[in-house]
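The structure appears below as structure tokens.
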Amino acid sequence: MKQSYDVIVIGAGHAGCEAATAAANMGAQTLLVTMDMNKIAQMSCNPAIGGIAKGQIVREIDALGGQMALVTDATAIQFRMLNRSKGPAVWSPRSQCDRGKFIWKWREVLDHTSNLDIWQDQADELLVENGEAVGIRTIWGAEFRAKSIIVTAGTFLNGLLHIGRKQVPGGRIAEPAVPHFTESITRHGISTARMKTGTPVRIDKRSVHFDDMEIQIGEDDFHQFSYMGKRRPLQQRPCWICYTNPEVHKTLMAGIADSPLYNGQIQSIGPRYCPSIETKLVTFPDREQHLLFLEPEGEDTNEMYLNGFSSSMPMDVQIAALRHIPALRDVKVYRPGYAIEYDFFDPTQLHHSLESKVIKGLFLAGQVNGTTGYEEAGGQGTVAGINAAIRCGGGEPFVMRRDESYIGVLIDDLVTKGVDEPYRMFTSRAEYRILLRQDDADARLTERAYHTGLATRERYEWWTEKRDAILRIIRFCEEKHVKARDVNGALEALGITPLRMGCPLIELLGRPQITLAMAADILPELKAVLNEPANRREEIAEAAEIRIKYKGYIERERLVADKMVRLENIKIRGHFDYANLNAISTEARQKLIKIDPETLAQASRIPGVSPSDINAMLVLMGR
């Protein structure tokens, strides 16, 4: 069987689903190839979306016209805004989701996406002709041709599962690995290496003593992920907190000789910021306890996820250790934790569009680029899908700058610096995080996505309505003059220093103790302005208040970002023969030859390229 498409997407995880829907919604005839149609967008580890910086990525996917935020809101069983004790630059939304309903909601999205076909099969070989990817062949002999191929194979490429000394080939527990496909790519000059990740034990909640745990209730305010999504429809569920103890640690350390991480069985590098419980014990030997979260897997299932107890120890050691925790003294488990090793490809061999520099028409997204996390995968998938569709019809690649999105930071880090461990996004990775807030992703991206062809007219009009409402509030606060006698009584009642003289309302709101809602209780005219929007009044008011209160910080960071944008506009690819460029250091020459940066700004971010090297290149360019 042979068939032709514009775009083929291999793998229906979070990257694959976003890539397939993005390409199809831009008009490309798209094929999504998956090994199991019943496990589309499987949350292989934690049944949650979002978190520190990750939540911002999901908001950005939504602003671009992607689907993850909508699916998350439809299947959320607990929502929290993290980092609320800090400034809004680092507020990050997070939702527990119903794992099963999340899969079927994504399946519904795919089934109702025009221009998109699904084929259940396993990719066996990438077809390359004259240095260009032209199609794939599956294990059943089906052959599909396309102008663009997107590989989003997750942890399946030569995947190997570990529980104690037992090793089983697999991409996830009870799912087969994909052999051969890596080799069909690397034979054309793309380099590969191995990474490791893991997941915790799954627990039967009927065996848990919840009286010995601390309950953690979610938030029930207006916040959610999608700017267009409906209110969370599912019954909300609590999470629970408990701790390990010295007896747990003693039991685990007694079995450390059989740990794949410490007996030489696993050679690859795991995620630094999501370590296994045995890694925590070895790294922090003096700690007497470690925090654990027991999280529901769904609205109406007994299965629960023990966050913080990722492990590949022998299953009897895992269970024995858990039973030393008072709340889990009678614990029953559905399956033990396990580790998995898998192939990834060197992301420095990619353009910022996520197209390979080595094989034209081949795009890579998700864990195959050395990242970890559903959100990082979804963001890459969206960009790969957009660019794969653009390549079919011609046009400039869709690339986001570091001051434009966390997705832009993520991709620039990957293709410029590469990875030596699974990459996870944090707010600290973004130098312009005041500009990349969770409340303004649509302001940064929706108009551009609309003109690119992914964001719908409905989404664009939703944003313009929100934009205009925010500007009306800010304009009112700038123009409204507040008299001291009208507000001082209310300020004193709140314990706030009264005004000495009248001032513009926007100046009064500059005080950290005064919120927009407090001012609205004092000034009926302001309350009328806040109540004017027909949709999402609270969201609009919050966005306006953040812009008002943090205006100086935002403007200052915008100036810094604009200076760097000038370097982004200086194109250098093809301008220098780095091997013979003696004005720069030997290390800089080696790194520049390997990365071949597009712009001078990208060159400045390559480890080993110093400011003096950049200045030398500027002089040679006559700048």
May I ask you to decide if Val333's main-chain N or O and Arg335's side chain share a donor-acceptor pair within less than 3.5 Å? no
Compute whether any side-chain donor of one residue and acceptor of the other, for Asp343 and Thr182, lie under 3.5 angstrom apart. yes
Nearest non-hydrogen partners of Glu376 and Leu410, listed with the distance: O-CD2, 3.6 Å
For a side-chain contact (heavy atoms from CB on, under 4.5 Å) with Asp412, tell me which candidate from Arg429, Arg605, Lys417 qualifies. Arg605
Does Phe284 CZ have over 12 foreign heavy atoms under 6.0 Å away? no
Say whether, by atom type as modelled, one donor and one acceptor occur between the side chain of Asn369 and the main chain of Thr371 under 3.5 angstrom. no
Pick out which of Arg94, Arg237, Arg80 makes a salt bridge (charged side-chain N to carboxylate O under 4.0 Å, His left out) with Glu295. Arg94
Could you tell me whether the side chain of Tyr374 and the main chain of Cys45 form a donor-acceptor pair under 3.5 Å? yes
Lys549 and Ile514 have their tightest heavy-atom pair at NZ-O, 2.6 Å
Evaluate Asn245 against Glu288 for side-chain hydrogen bond (donor to acceptor under 3.5 Å, both in side chains), listing each step before the verdict. CA-CA 6 Å; Asn245 56 52; Glu288 293 193 351; over 6 Å; no
Mind listing the closest non-hydrogen atom pair of Ala321 and Thr251 along with its distance? N-CG2, 3.7 Å
Tell me if the centroids of the rings in Tyr305 and Phe293 come within less than 6.0 Å of each other. no
Contact check, side chains of Thr186 and Phe345, non-hydrogen atoms, under 4.5 Å: yes
Counting only N and O atoms by type, is there a donor-acceptor contact under 3.5 Å from the side chain of Arg444 to the main-chain atoms of Leu435? yes
Surrounding NZ of Lys105 (heavy atoms of other residues, nucleotides or ligands, distance under 6.0 Å), is the total greater than 12? no
Kindly check if the number of other-residue, nucleotide or ligand heavy atoms within 6.0 Å of CG (Asp211) is above 12? no
Mark yes when over 12 heavy atoms from residues, nucleotides or ligands other than Arg329 sit less than 6.0 Å from its CZ; otherwise mark no. yes
Does the side chain of Arg202 come within less than 4.5 Å of Met304's, by heavy atoms? no
Starting from the C-alpha separation in whole Å, work towards a yes-or-no answer on side-chain contact (heavy atoms from CB on, under 4.5 Å) for Glu557 and Ile434. CA-CA 7 Å; Glu557 192 155 281; Ile434 295 176; 3.2 Å; yes
Compare all side-chain heavy atoms of Met400 with those of Leu64 and state whether any distance is below 4.5 angstrom. yes
Does the cation-pi check pass for Arg232 over Phe225, that is, NZ or CZ under 6.0 Å from the six-membered ring centre and within 45° of its axis? no
Asp403/Arg433 ion pair, N-O < 4.0 Å: no
Only one of Leu350, Leu354, Asp346 clears side-chain contact (heavy atoms from CB on, under 4.5 Å) with Leu364; which? Leu350
Scanning both residues in full, the closest heavy-atom pair of Ala339 with Ile266 reads CB-CD1, 3.9 Å
Do side-chain atoms of Glu299 reach the backbone of Gln235 as a donor and acceptor pair under 3.5 angstrom? yes
Gln513 CD: over 12 foreign heavy atoms closer than 6.0 Å: yes
Is it the case that more than 12 heavy atoms not belonging to Tyr553 sit under 6.0 Å from its OH atom? no
Step through it carefully: locate the ring centre of His249, locate the ring centre of His290, and say whether they are under 6.0 Å apart. yes
If you define the side chain from C-beta out and look only at heavy atoms, does anything of Asp62 sit under 4.5 Å from Leu70? yes
Is there side-chain contact between Glu18 and Trp106, with heavy atoms separated by less than 4.5 Å? yes
Trp240-Phe210 aromatic ring centre distance below 6.0 Å: yes
Can you give me the closest heavy-atom contact between Met81 and His223, atom names plus distance? CE-CD2, 3.3 Å
Cation-pi check, Arg84 onto Trp91 ring (under 6.0 Å, within 45° of axis): yes
Minimum heavy-atom separation for Gln122 to Pro179, with atom names? NE2-CD, 3.7 Å
Would you say Ser92's side chain and Ala53's backbone share a donor-acceptor pair under 3.5 angstrom? yes
Are Met213 and Cys239 packed together at the side-chain level, in the sense that at least one heavy-atom pair is separated by less than 4.5 angstrom? no
Paired with Ser44, the side chain to side chain donor-acceptor pair (under 3.5 Å) test is passed by just one of Glu175, Gln367, Arg172, namely Arg172
Taking side chain as C-beta onward, heavy atoms only, is Ile241 less than 4.5 Å from Tyr243? yes
Is a donor from one side chain sitting under 3.5 angstrom from an acceptor on the other, for Ser405 and Arg402? no
